[in-house]
Protein chains: 2
Amino acid sequence: MRAEDFDEVRRLPLFRSMRPASFQAVMQGTYAQRFPPRLDLFRQGQGADFLHVVLEGSVELFADWQGASTTMAVVRPVGTFILAACIRDLPYLMSARTLEQTRILLVPAPGIRAVFREDAEFAVSIVEELAEAFRSMARHAKNLKLRNSRERIAGYLLEQSELAGRADRFVLQVEKRLVASYLGMTAENFSRALRSLAMDGVELKGQTVTITDRAALVRACPNDMLIDGPNPDATGGGLTLPRPALPRERRRKGRPGQG
Amino acid sequence: MRAEDFDEVRRLPLFRSMRPASFQAVMQGTYAQRFPPRLDLFRQGQGADFLHVVLEGSVELFADWQGASTTMAVVRPVGTFILAACIRDLPYLMSARTLEQTRILLVPAPGIRAVFREDAEFAVSIVEELAEAFRSMARHAKNLKLRNSRERIAGYLLEQSELAGRADRFVLQVEKRLVASYLGMTAENFSRALRSLAMDGVELKGQTVTITDRAALVRACPNDMLIDGPNPDATGGGLTLPRPALPRERRRKGRPGQG
DNA sequence: CGGATGGTTGATAGCAATCAAGCACAGTGG
DNA sequence: CCACTGTGCTTGATTGCTATCAACCATCCG
């Protein structure tokens, strides 16, 4: 591993608070590698050999079953993936491929597990990373189960706007077909539903999205901190009031969920 | 906290490998409590004060948004919940209620966070628990995105059969409406789809399910270790072969997913 | 200029939600 | 003992959202 990589990695949130000796130990066998676009990194079901850290570029995590395939997440710098599989030394639940040219740090899983026991600060970093991954996946599931496709798209656009610094105009970071899959719908339906959001203050031109009426868009999908993510100091909603204990749980029209 | 509770708790997977002094520290302010059926334990959005450990009974974790509600998980002894929220000291993403009379251990979150740094064995237990929670949620999301309702039900039945020791006859552990919600469909649809599985080797009588033709049921939903869970020494499938890189990703008929 | 890929649009089918009863069962109270 | 009532479950009719199938367009690229 190159010296400049070494320094860069040392500054990553996951590694910055650990003791120098621990860092050295974890770095044994660790290397950074550059991958071309659209390269399969690993398949679901494989054994977990390396913790992956995205340094540059982006990686798609996806899953498939019986010929169907779905995008589970897109990881960008400085995100990690398959931490859980490494910790438990179990097969990956997802497959991974690069979306663009991507530089990835590959940290041997055994080293992680060993140093975890010896360096409390590293353990804290690991567990916080993992906790955030859990919460992210829980939000993903909630999003799928509690919202219909139109709402999911509206929510996604609002979230992207937040990530772009609450900008009213931003460019989609990934191709639409991938967003569609991530949001749990077909590309065709995504296209249609996205267009239909013109009524709700969304303007489209290629990959560029312009929010012309934020209030209307929020009306189409009231944002909720507990689904859309923490987005610091969100003025919008984040409301989650205790509901008034209805006689028999009432269901909102338009969504499955339960009774 | 009673002495016999103390001993019982000490033997739990989460606490059994930690040092005595650490255990003492974590137990400060910890208490076991018995709750009546159908009692709300907390609401999503609340601050994470206690790690919860189910000692007896069962707890439903659910989430709601804009009047819609969905079951995210059912926790049984000796499972924990909201570990991630405790670790990160963030609001719960889900609400919780008891399903039956339930005894729960309430462990103050600050103690967890403090002792985590001091006792490596405890840290390992925590992180393994959390990793498993992540994987469970990831499987839940995969299940929702890659299978249609019929398949999800068939998969659920096969899983329940495994949990009952690969029994061909077993009793549903929770009411059907709740299973339906967990599987992401309405109670009505669950009822219909369940009945339609008679064609696939499933017999029904009240809460009792009899699998008369396991092969047929597996055909209705090929089980996959990476969705249905680890179910030790499963003979069935668990196959997840590298697909042969089709010219343009083909989609199976009947499921959303992506392209 | 093909050819491949991503995106869009239209027509159609189908799965799943909604609305509305009706049934079964348990607990309660007369 | 038996209405009475609440709850869970089922069934039927209907609506409608979403997938599927099939073109077609735009862009990029060798």
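Numbered from 1 within each chain, the chains take letters A, B, ... in sequence-line order.
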Distance check: side-chain N/O of [X] vs OP1/OP2 of [N], anything under 4.0 Å?
X: B:Gln207; N: D:dG8; result: no
X: B:Arg150; N: C:dG14; result: no
X: B:Thr186; N: C:dA16; result: no

Check the distance between [N]'s [atom2] and [X]'s [atom1] and give it to me in whole angstrom.
X: B:Glu175; N: C:dC25; atom1: CD; atom2: C1'; answer: 14 Å
X: A:Arg177; N: C:dT5; atom1: CZ; atom2: C1'; answer: 8 Å
X: A:Asn148; N: D:dA19; atom1: CG; atom2: C1'; answer: 15 Å
X: A:Leu178; N: C:dT5; atom1: CG; atom2: C1'; answer: 14 Å
X: B:Arg38; N: C:dG27; atom1: CZ; atom2: P; answer: 12 Å
X: B:Glu60; N: D:dG8; atom1: CD; atom2: P; answer: 11 Å
X: B:Phe190; N: C:dA17; atom1: CZ; atom2: C1'; answer: 16 Å
X: A:Leu183; N: D:dT18; atom1: CG; atom2: P; answer: 12 Å

Could you give the distance from CG (B:Leu194) to CG (B:Leu172), rounded to the nearest 0.5 Å?
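CG of B:Leu172 is found 7.5 Å from CG of B:Leu194.
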Hey, could you give me the NZ/CD1 distance between A:Lys145 and A:Ile227, rounded to the nearest 0.5 Å?
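Nearest 0.5 Å value for the NZ-CD1 distance: 12.0 Å.
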Nucleotides 26-28 of chain D: which of its N/O atoms have a protein N/O under 3.5 Å away?
none

Checking [Y] against [X]: is there a side-chain donor and acceptor pair closer than 3.5 Å?
X: A:Arg214; Y: A:Ser161; value: yes
X: B:Thr71; Y: B:Glu60; value: yes
X: A:Ser196; Y: A:Arg150; value: yes

Short question: side chain of B:Thr98, backbone of B:Arg38 - any donor-acceptor pair under 3.5 Å?
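Side chain of B:Thr98 to backbone of B:Arg38, a donor-acceptor pair under 3.5 Å: yes, one is there.
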Would A:Arg177 pass as a cation-pi partner of A:Phe190, given that its NZ or CZ must be under 6.0 Å from the six-membered ring centre and within 45 degrees of the axis?
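That pair does not qualify as a cation-pi contact.
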Decide salt bridge (charged side-chain N to carboxylate O under 4.0 Å, His left out) for A:Asp64 and A:Arg43; before the verdict, give the C-alpha distance in whole Å, the side-chain angles of both, and the deciding distance to 0.1 Å.
CA-CA 10 Å; A:Asp64 47 77; A:Arg43 280 283 301 162; 2.9 Å; yes
Look at the rings of A:Tyr92 and A:Phe42 and say which category their plane angle falls in: under 30° parallel, 30 to 60° tilted, over 60° perpendicular.
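Rings of A:Tyr92 and A:Phe42: tilted, as their planes differ by 30° to 60°.
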What nucleotide, of D:dT18, D:dC9, C:dT8, holds the atom closest to the side chain of B:Lys176?
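That would be D:dC9.
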Could you list all N or O pairs between the protein and nucleotides 9-12 of chain C that sit under 3.5 Å apart?
| residue | atom | partner | partner atom | Å |
| --- | --- | --- | --- | --- |
| C:dT9 | OP1 | A:Arg195 | NH1 | 3.4 |
| C:dT9 | OP2 | A:Arg195 | NE | 2.9 |
| C:dG10 | N7 | A:Arg192 | NH1 | 2.8 |

